[in-house]
Amino acid sequence: MVGAQVKITEQPFLVSNAQHLNQIVWTMIGNTIKESIYCVSEAPVSQLRFVCLDCEQKNITDMVPALNSAQDLTRSAGFPTVVLKLSTVSANWTGATVVCQAALNGGTVDSAPATVDVRYLRQPHVVDSSGQGPVLIPSQGYRFYVECQRGADGFCNQSGRRKTLRCNVQSHPPATTFRWLKNGVATSGNGAEITIGTEMIGHSLQCTANNGLYADIEMPTSQAVQIDPYSTARIVSDNFQTVQQLAPFQAGNRIEMNNDVNLQCVIEGNPRPVVYWKLRRNNGQIVDAPCPQGYDGNYQEMQMNTLGSLQSSMMRLKSTCTMRVSNYSYSGQYWCSACSVVSQGQPECSPSLDTPGSSVLNMQVQGAPMQSEVPITIEQMPNNNNAVIAVHYCAEPAPRPPREIVFNIDQNDIQIGQRWENFRFESNLQNNTVANCFSARLQIAPVREEDQYRTIYLKVQNQFGSKQIPISLDSLLGGGSALSSRLSVWWIILIVLAALVFASCCLAAICRKKLSCFSGVKKGHEDYSDAKSGMGK
């Protein structure tokens, strides 16, 4: 039968009576799929199956196994039939093209294509205007905050910023009907957004949404969000100036290494504020200060005067940052930021996490020289066999040439500008971005094979101590380079001599063995002659 028909249908009717579906609609109500899809044909076709034509192109990976789960109903229907009953579908299947394929006379027959349309509506969520969800407080539920500017009586006045909330829902087709619930009762707002102010403090909000898949009384509802007053977190006081005027700090904001510093910031706000400690290094890089941050910080609650029933919601905390100054990376400018976490997005902080406020603590660490975090580097010249080794270190105060900074090569000290054999102390350069860090440059011209076996180190000192930084030319020049892979000339000579000695010993042994054999043969002939002469007698 050349003209065998294959159709995708809603019901298992004879193919001649069935209406082919140009669109396959799957509707998800909760986690349930209502529709069953059939493929019908006529004898003598066999092996009906659903095939996705463009899943690979659309990067849909979970649809093919679902289509392969179709069940064969041919025996019960009396004609070639399969049914596809799915327990779940994916939203990204929408737009995929599906055909039903049948085997016939060693070939295949395809139905007309059908486009998949997945219709669904997931549970709505209340978000703010930037799309961020509410804060989840353990044992208290979800919270959004409305700005509260308190008057002299301690109550929130009506001049604070109002907040826009949105009913966020994933659905296809898009949701068109929305409803807002205040304490479980419908309000006048029917759009996807609602704007609230201090009048909503102490109440809860929910939203419902629908795209035609649900009855009005069954519209999915979001979680309840409690509305609380929001008083911007602010810094009340700090101890920066006091700390900077006492030991161990010295003039010029200097502090010696291995001393402890204890910084404090008093903050207040609602919801419970947090502190982020920040450090702007001498090179302008802004990083977290080396102490606990945010919710992990060290806090002590403080008493504050309360006015009005809502004033009691304000919280005042003292945050402490204790650090031991152990290296030069502690140098820079410190400040604290009082932050309010009012959504799942970034906290609102004052002053900014990127820019210090008016109150800061400046720290300039001084101590013995230390090796920098920057590793030792090598610059190999492309057109010759020369190289420059750069050793990075930090020291405050800086070493004073020529005696306080030298390179040592096999117990030979060379100062800046001096040379020993093929080594020359080229320069000592200050780092452009970090004031107390330097780069000592050792030139090797030319690089020799035996240089990788030398003992080399940079010796730096100042009034606080000294530091020796070892330099391994074997690792800097080694690996796959031709220089490190070749053996020393002396090793080659030793190997050749050893080979000659071994060959001489072997020759001597062979000669001794041959002489021994010749002696044995001569003696044998003499015996034979003697025996022969004896027989003649």
Side-chain angles (χ1 to χ4, degrees), residues 371-393 405-428 439-461 466-535:
Q371 186 170 359
S372 170
E373 295 177 353
V374 180
I376 298 173
T377 56
I378 181 170
E379 303 171 16
Q380 291 182 288
M381 307 307 168
N383 299 324
N384 53 47
N385 198 27
N386 299 345
V388 175
I389 307 296
V391 183
H392 308 278
Y393 70 95
I405 175 169
V406 296
F407 276 105
N408 184 282
I409 301 100
D410 290 342
Q411 304 303 316
N412 296 281
D413 286 348
I414 57 173
Q415 300 170 353
I416 295 177
Q418 290 184 341
R419 178 185 295 274
W420 181 81
E421 293 192 0
N422 57 325
F423 293 86
R424 179 176 177 271
F425 192 161
E426 182 183 272
S427 60
N428 182 48
S439 175
R441 296 170 61 83
L442 178 66
Q443 184 187 60
I444 312 174
V447 178
R448 300 170 182 168
E449 295 176 356
E450 58 269 24
D451 290 339
Q452 57 188 313
Y453 306 110
R454 294 188 185 277
T455 301
I456 305 174
Y457 59 85
L458 175 69
K459 183 166 60 178
V460 190
Q461 66 182 57
S466 62
K467 175 70 175 179
Q468 289 188 1
I469 303 175
I471 304 164
S472 173
L473 289 186
D474 186 25
S475 60
L476 290 172
L477 299 171
S481 69
L483 175 65
S484 63
S485 63
R486 292 200 300 265
L487 292 173
S488 170
V489 174
W490 293 106
W491 281 108
I492 294 174
I493 293 172
L494 288 174
I495 291 172
V496 171
L497 288 174
L500 289 172
V501 171
F502 179 75
S504 300
C505 292
C506 290
L507 287 172
I510 292 171
C511 288
R512 276 195 225 100
K513 186 174 182 182
K514 285 186 176 182
L515 289 173
S516 173
C517 291
F518 293 155
S519 299
V521 169
K522 185 175 181 181
K523 184 177 181 181
H525 284 306
E526 289 174 353
D527 294 341
Y528 177 76
S529 301
D530 292 344
K532 188 175 182 181
S533 60
M535 289 175 63

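The figures that follow rest on heavy atoms only: side chains count, while hydrogens, waters and symmetry mates do not. Here the structure is a predicted model, which means the values were calculated and not measured.
Between Ile414 and Val406, the closest side-chain pair of non-hydrogen atoms is not below 4.5 Å. When side chains are defined from C-beta on, Val388 does not count as touching Ile444, because their heavy atoms never get closer than 4.5 Å.
Atom CD of Gln461 is separated from atom NZ of Lys467 by 14.0 Å, given to the nearest 0.5 angstrom. With rounding to the nearest 0.5 angstrom, the CZ atom of Phe407 is 8.5 Å from the CG atom of Asn428. Rounded to the nearest 0.5 angstrom, Ile409 CD1 and Trp420 CH2 are separated by 7.0 Å. Distance check: Gln418 CD to Phe423 CZ gives 15.0 Å after rounding to the nearest 0.5 Å.
Not counting sequence neighbours, the partners of Asp451 by the side-chain hydrogen bond (donor to acceptor under 3.5 Å, both in side chains) test are Asn422, Arg454. Not counting sequence neighbours, the partners of Thr455 by the side chain to side chain contact (heavy atoms under 4.5 Å, CB included) test are Asp410. With sequence neighbours excluded, no residue forms a side-chain hydrogen bond (donor to acceptor under 3.5 Å, both in side chains) with Asn386. In this view, Glu373 satisfies the salt bridge (Lys or Arg N to Asp or Glu O under 4.0 Å) rule with no residue, not counting sequence neighbours. By the salt bridge (Lys or Arg N to Asp or Glu O under 4.0 Å) test, Lys459 is found to be paired with Asp413, residues two or more places apart in sequence or in another chain being considered. Residues passing the salt bridge (Lys or Arg N to Asp or Glu O under 4.0 Å) test with Arg441 are Glu379, Glu426, sequence neighbours excluded. Contacts of Ser472 classified as side-chain hydrogen bond (donor to acceptor under 3.5 Å, both in side chains), with partners at least two apart in sequence or in another chain: Ser475.
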Does the side chain to side chain contact (heavy atoms under 4.5 Å, CB included) test come out yes or no for Phe425 and Ile405, once each step is laid out? CA-CA 10 Å; Phe425 192 161; Ile405 175 169; 4.0 Å; yes
CA sep, side-chain torsions, deciding dist, call: Leu473, Ile456, side chain to side chain contact (heavy atoms under 4.5 Å, CB included): CA-CA 8 Å; Leu473 289 186; Ile456 305 174; 3.5 Å; yes
Are Gln371 and Ile376 close enough, and set up right, to give a side chain to side chain contact (heavy atoms under 4.5 Å, CB included), and what steps lead you there? CA-CA 9 Å; Gln371 186 170 359; Ile376 298 173; 4.1 Å; yes
Walk me through whether Gln380 and Asn385 qualify under side chain to side chain contact (heavy atoms under 4.5 Å, CB included). CA-CA 8 Å; Gln380 291 182 288; Asn385 198 27; 6.0 Å; no
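Closest of all the heavy-atom pairs between Leu458 and Ile471 is N-CD1, 4.2 Å. For the residue pair Pro470 and Tyr457, the shortest heavy atom distance occurs at CA-CB, 3.8 Å. What you find for Pro375 and His392 is that their closest heavy atoms are O-CD2, 3.1 Å.
Between the side chain of Gln411 and the backbone N or O of Asn408 there is no donor-acceptor pair closer than 3.5 Å.
The stretch residues 494-507 participates, sequence neighbours left out, in no salt bridge (charged side-chain N to carboxylate O under 4.0 Å, His left out) pair at all.
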